[in-house]
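Report on the following structure.
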Amino acid sequence: MNGSRLLGTGSALPRQVVTNADLAERVDTSDEWIVERTGIRQRYIAGEDETTATLATAAARAALADAGVDAASIGLIVLATATPDNTFPATATKVQAALGCTGGIAFDVAAVCSGFLYALATADSLLRTGMAKRALVIGAETFSRILDWEDRTTCVLFGDGAGAVVLEAPSGDAAGKDAPGIIATRLHADGSCHDMLYVDGGPSTTQTTGHVRMKGREVFRHAVVNLSDVLKEVIEEAGISVDEIDWVVPHQANARILDATAKKLGIAPEKVIVTVHTHANTSAASVPLALDVARKDGRIKPGDLVMLEAMGGGFTWGASLIRL
Ligand code: UT7
């Protein structure tokens, strides 16, 4: 039996655009280096009045409008973020209050750049058990707040934003790769890779928020291997051939990772949705942001077979195949 169905998507970006040239005025970098190594040309950075919760709420409202459903029908909010408004309570509860749909379930998921995949699988599992009928699954970040703006090896890579989807519990009569809904999902983590991508602070260690630290080359190497492995697992579990996939919506960390992963699996590059040039790496927000962009510009259509995939700190990684 297929899992939950996707009813709508939405996204939100901060007002301010920061270009590579803007960053070259702050640190020893250049537009040429950033474009050549990552594909990134610009990113959106949150202003003082913009937080993870405000961006998440705006994305959620857009997704509700797109789905044509009322906030009152949402019984579950799962929000993926590594940059919550507060250490607690969960940013999901702030979104719930802002939407005026209190009383249901609301919590955050911490799986960094794979957060949206983890949140989607968690929401789908709860919907399948009947705990709620409709869910908002949100990826929202203000990574600019945990960047070391003196460190050129990380500060040029990330941006802020939010994306959201509305999910509906499976009706029970949809099964197989041609029917709508989530068809197959696989998630993984390898905690022994902690030091390759982490934040050097936190409430229980330093009592500070800390900054992002990354061994970029190592992360790159693991990302291509882990992503192609998990994509193969999901393709096998779903019983499809690579050619049947209409679109791949990957986590947007680096255009070279997207190219290398697609090549390894024999996926045509024109089937890969790329937004890293405009959004940079928005961590948990990147997959739902890219999904929303490609639905709204008409590339991803109802009935398409779409593969979502991501890899991030932990390491954590995962993929999910969904028929729209
Ligand atoms: O979202 C979670 C997952 N994250 C990722 O997937 C990120 C994965 N990693 C990457 O995307 C790439 O490894 C980076 C974009 C982070 C770096 O690209 P790279 O081709 O692996 O470069 P590198 O780290 O090997 O650095 C090459 C050179 C170094 O100089 P030397 O030691 O060769 O003299 C760096 O110091 O580039 C230098 N460099 C820079 N130069 C100009 C590093 N950052 C910059 C910069 N501007 N911003």
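Atoms within a ligand are numbered from 1 in the order they appear, just like the ligands themselves. Just so it is clear, the model here is predicted, and its values are computed rather than measured.
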Proximity of [X] to ligand 1 by residue part, where a heavy atom lies under 4.0 Å:
X: Val27; result: neither
X: Trp33; result: side chain
X: Ile257; result: side chain

Do [X] and [Y] have side chains that get closer than 4.5 Å, going by heavy atoms?
X: Thr38; Y: His277; value: no
X: Ile105; Y: Ile77; value: no
X: Val166; Y: Asp66; value: no

For [X], counting its heavy atoms only, list the atoms of ligand 1 lying under 4.0 Å from any of them.
X: Thr153; result: 43 (C), 44 (N)
X: Asn254; result: 10 (C), 11 (O), 12 (C), 15 (C)
X: Thr38; result: 15 (C)
X: Cys113; result: 1 (O), 2 (C)
X: Ala253; result: 1 (O), 5 (C), 6 (O)
X: Thr29; result: 42 (C), 46 (C), 47 (N), 48 (N)
X: Val156; result: 48 (N)

Salt bridge (charged side-chain N to carboxylate O under 4.0 Å, His left out) between Arg186 and Asp229, intermediate numbers included
CA-CA 10 Å; Arg186 281 282 176 266; Asp229 284 353; over 6 Å; no

Kindly say whether Thr142 contributes a backbone atom to a donor-acceptor pair with the side chain of Thr83 at under 3.5 angstrom?
yes

Does the Thr57 side chain pair with the main chain of Ala98, one donor and one acceptor, at a distance under 3.5 Å?
no

Could [X] and [Y] be called an ion pair, given the rule that one side-chain N must be under 4.0 Å from one carboxylate O?
X: Asp49; Y: Arg15; value: yes
X: Asp124; Y: Arg128; value: yes
X: Arg299; Y: Asp304; value: no
X: Glu168; Y: Lys133; value: no
X: Asp85; Y: Lys94; value: yes

Tell me whether Trp317 shares a hydrophobic cluster with Ile322, the cluster being built from Ile, Leu, Val, Met, Phe, Trp, Tyr side chains joined at under 4.5 Å.
no

Is it the case that one hydrophobic cluster holds both Leu231 and Val219, taking links as side-chain heavy atoms less than 4.5 Å apart, direct or via other members?
yes

Protein heavy-atom partner closest to [atom] - residue, atom, separation in Å:
atom: atom 48 (N) of ligand 1; result: Arg152 O, 2.9 Å
atom: atom 8 (C) of ligand 1; result: Gly216 O, 3.6 Å
atom: atom 4 (N) of ligand 1; result: Val219 CG1, 3.6 Å
atom: atom 1 (O) of ligand 1; result: Asn281 ND2, 2.7 Å
atom: atom 16 (C) of ligand 1; result: Leu157 CD1, 3.7 Å
atom: atom 18 (O) of ligand 1; result: Arg256 NH1, 4.0 Å

Have a look at Met214, Arg37, Met311, Glu32 and point out the one with the heavy atom closest to atom 7 (C) of ligand 1.
Met214

Of the listed options (Glu36, His251, Arg217), which comes nearest to atom 24 (O) of ligand 1 when hydrogens are ignored and any heavy atom counts?
Arg217

Under-4.0 Å protein heavy-atom contact, atom 34 (O) of ligand 1
no

Do you see a protein non-hydrogen atom under 4.0 Å from atom 38 (C) of ligand 1?
yes

Quick check: does Ala223 get an N/O under 3.5 Å from an N/O on ligand 1?
no

Whether Leu197 lies under 4.0 Å from ligand 1, heavy atom:
yes

